[in-house]
Amino acid sequence: METEHGGRTGADAATEAFVAHRNLLFTVAYELLGSAADAEDVLQETWLRWSGVDLAEVRERRAYLVRITTRQALTRLRTLGRRKESYVGPWLPEPLLTAPDVAEDVELADSLSMAMLLVLETLAPTERAVFVLREVFAVEYAEIAEAVGKSQAAVRQIAHRARAHVAARRPRSAASPAETRRALEAFRRATLTGDLQGLVDILAPDVVMLGDGGGVKQAAPRPVVGADKVARLLVAGVGKVPGIGADSLRPTQVNGHPALVLSLGGELDTVVALRLDEGLVTGIYAVRNPEKLTGMKRAAALSR
């Protein structure tokens with residue numbers, strides 16, 4: 001639409017700016033929440049607020065949109081915290097099917113990994129927002145301060161504290177995509193063939209397996225720790241599934257990293273992501289809750 005003077009209306013300009021930055025805003029919201037469904041809700045709330053803004057008063061549209069999204073995500077993050085308290089069994093982030101270009105941005109892929117999202121879960125909401133905005137999206141401290149309602153000095157302190165917290169908990173050595181694929185294939189082959197020793201050989205002695213069924217699908221109610229226990233559980237579990245074959249457990253890209261999807265009867269049943277430390281599998285994350293698998297229907301549009 002054009003005005004009588006030939007220029008676009010404010011509504012057109014607002015829509016154009018929102019659409020231009022939508023992938024970025026979704027990525028920010030998802031990294032703060034670990035939930036694709038909640039990230040989409042945050043984007044709707046962001047649009048409602050953005051559409052009422054006088055654009056003449058906005059100096060930098062990208063920064064302003066990120067600020068709105070962050071504030072809405074922080075509000076929802078606190079609600080999510082209460083929801084997780086009553087969640088049945090371990091809570092895992094919602095997996096996202098991702099295109100190959102996400103993996104090419106190494107820093108973005110690292111921040112999206114299931115392992116990193118679980119590390120971010122250990123941060124307080126404001127710490128998580130500050131870390132994500134600064135370390136992943138390189139937002140200036142002044143803009144972060146506006147978004148989280150803190151002084152720049154406070155934000156710098158929070159960022160320093162959050163970086164130290166994350167550094168102590170992230171994988172000890174970053175695995176290359178090739179290393180991850182090799183480990184994933186060895187894991188897949190040993191699981192499907194019931195090769196107990198083959199599984200134990202690629203699992204770290206202190207490996208932790210988390211299964212998220214949300215009370216809807218069967219999953220271990222607590223973390224399973226130790227190579228022998230995890231290997232036996234996997235072999236026994238797969239052995240009980242009727243008609244499972246090589247095509248049932250397929251490799252794909254999830255959250256910017258190689259992962260596996262288990263399909264049964266033509267329906268997606270489980271998404272399995274791995275964490276690697278120094279060549280061994282230290283974390284296995286199996287998401288089975290159907291409500292968390294909607295992000296696997298099509299590749300998510302992500303950017304930073």
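Note that these values count all heavy atoms, side chains included, but never hydrogens, waters or copies made by symmetry.
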Y141 six-ring face occupied by R134 cation (under 6.0 Å, within 45°): yes

Quick one: does NZ or CZ of R128 land under 6.0 Å from the six-membered ring centre of F131, within 45 degrees of the ring axis? no

With a 6.0 Å cut-off on the ring centroids, do F18 and W50 count as close? no

Pairwise side-chain contact, [X] with [Y], heavy-atom cut-off 4.5 Å (strictly under):
X    : Y    : answer
R298 : L97  : no
M114 : R275 : no
K292 : W91  : yes
T69  : F26  : no
K229 : M209 : no
M116 : E31  : no
V230 : I284 : yes

Expected output: side-chain [X] to main-chain [Y] donor-acceptor under 3.5 Å:
X    : Y    : value
T27  : S303 : yes
N255 : P95  : no
Y285 : D212 : no
R188 : L249 : yes
R250 : L260 : no
H257 : A109 : yes
T75  : R71  : yes
E140 : E143 : no
E127 : A124 : yes

Check this for me: does any side-chain nitrogen of one of R189 and E185 sit under 4.0 Å from a carboxylate oxygen of the other? yes

Would D110 and R170 pass as an ion pair if we require N to O under 4.0 Å? yes

CG/L32 to CG/L120 distance, rounded to the nearest 0.5 angstrom? 8.5 Å

If you look at every heavy atom in A147 and L133, which pair is closest and at what distance? CB-CD1, 4.4 Å

Is there a salt bridge (charged side-chain N to carboxylate O under 4.0 Å, His left out) between E40 and R22? Walk through the geometry before answering. CA-CA 10 Å; E40 288 290 355; R22 191 188 190 286; 2.7 Å; yes

Flag yes if V281 and V272 sit in one hydrophobic cluster, no otherwise; membership is Ile, Leu, Val, Met, Phe, Trp, Tyr, and two members link when side-chain heavy atoms are under 4.5 Å apart. yes

One pair to check against side chain to side chain contact (heavy atoms under 4.5 Å, CB included): T180 and L274. What are the steps and the verdict? CA-CA 8 Å; T180 303; L274 303 181; 5.7 Å; no

